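Hydrogens, waters and symmetry mates play no part in the numbers below; they use all other heavy atoms, side chains included. The structure presented is a predicted model; accordingly, all values stated were derived computationally and were not measured.
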Amino acid sequence: GQRLLAQWVKQPLMDENKIEVRLNLVEAVLSDVELRQRLQEEHLRVMPDFFRLAKKLQRHKGTLQDCVRIYQAVRQLSPLTSTLDSYSGPHHQLIKEFYATPLKEMEQDFGNYVEMVEATIDLDQVEHHEFVIKPSFDEGLTHWCGCVDGADRLLRAVFLSNSVHSGLHPGQSGCRRLAAQGSVHLHGRNAGNGCHSQSCY
C-alpha cells in the first residue's frame, strides 16, 4: 500500500469523476468494518508483493518458491472475490466493477499457470518449506529421487547404529568435547601441540 499511496501522491488524479469514484471505493471499505477486517485478516495478509515478484521474473531471477507464492495467491482470488461480492452497501456496484469482476477475470487468465504448477511442483513438500520439481514429472528425476531416498535411509541407519554403539539416544547429538591431552592419542603427540584447549569430534 505504501508504494501505491506514494504513486497517488506523485501522480494525483486530475479527472473529477475518477476522483469521486476513488473516494467512493475508499468510503465503501472504511464504512463496512466487517468487510475491512475480512479483507485485511483473511486475504491481503497472505498476498505477496507482486511488484517485486514481477521485477524478479523480468530479471530471470525467479525461483520455484516465487512460483509457488504466485500460485498460492491465485488460489486466494476466489475467496477474495466472494468476500467482495458479499458487500451490499451503497457502493456495491463500484466494488463489483473495479475489484470483483477484474479479479475473477484474472483468476481465469491464470488457469493455465495453476495447472502448470500443480503438474510440475511437488506441493506436498511445500508444507515442509521445500520447493522441488515432482519426481514423476521426468523419468530421470524419478530415478535420482529413488537414489537420494535410498542414500538417506542408509545414512539414517548408519547414524542409528553408531548412536547405539556409542551409548547415545537416537535423537541425541554425537558431538563430544575432547581436551587437548586426549587429542594427542588421536592425532599423535606432535599434533596435540597445535590444538586448541578443546576440540569437537
Compute whether any side-chain donor of one residue and acceptor of the other, for Thr63 and Asp66, lie under 3.5 angstrom apart. yes
Leu25 side chain reached by Tyr99 side chain, heavy atoms, under 4.5 Å: yes
So Pro90 and Tyr87, do their side chains get closer than 4.5 Å, heavy atoms only? yes
Answer yes or no: is there a donor N or O on one side and an acceptor on the other, between the side chain of Lys61 and the main chain of Lys55, under 3.5 Å? no
Just verifying a value: how many Å separate [X] [atom1] and [Y] [atom2], rounded to the nearest 0.5 Å?
X	Y	atom1	atom2	result
Ile121	Leu64	CD1	CG	5.0 Å
Glu20	Asp15	CD	CG	11.0 Å
His91	Glu97	NE2	CD	13.5 Å
Leu84	Lys104	CG	NZ	9.0 Å
Asp85	Lys96	CG	NZ	7.5 Å
Ser82	Leu80	OG	CG	8.5 Å

Report whether [X] and [Y] are members of the same hydrophobic cluster (ILVMFWY, side-chain heavy atoms less than 4.5 Å apart, transitive linking).
X	Y	result
Val132	Met116	no
Tyr71	Val46	no
Ile19	Trp8	no
Leu77	Val117	yes
Ile70	Val114	yes

Nearest heavy-atom pair of Lys134 and Glu118: which atoms, and what distance? NZ-O, 2.8 Å
Minimum heavy-atom distance between Leu35 and Ala28, given as atom pair plus value: CD2-O, 4.3 Å
Run the side chain to side chain contact (heavy atoms under 4.5 Å, CB included) test on Leu94 and Glu27 for me, step by step, so that the C-alpha distance in whole Å, both residues' side-chain angles and the decisive distance to 0.1 Å come before the verdict. CA-CA 11 Å; Leu94 287 177; Glu27 181 182 11; over 6 Å; no
With a 4.0 Å cut-off on N to O distance, would you call Asp49 and Arg52 a salt bridge? yes
Dump the intermediate steps for side chain to side chain contact (heavy atoms under 4.5 Å, CB included) on Arg38 and Ser86, then the final yes or no. CA-CA 11 Å; Arg38 290 185 62 186; Ser86 67; 3.9 Å; yes
Taking atom NE2 of His128 as the centre, report whether more than 12 heavy atoms of other residues, nucleotides or ligands fall under 6.0 Å from it. yes
Are more than 12 heavy atoms, taken from residues, nucleotides or ligands other than Phe131, located less than 6.0 Å from that residue's CZ atom? yes
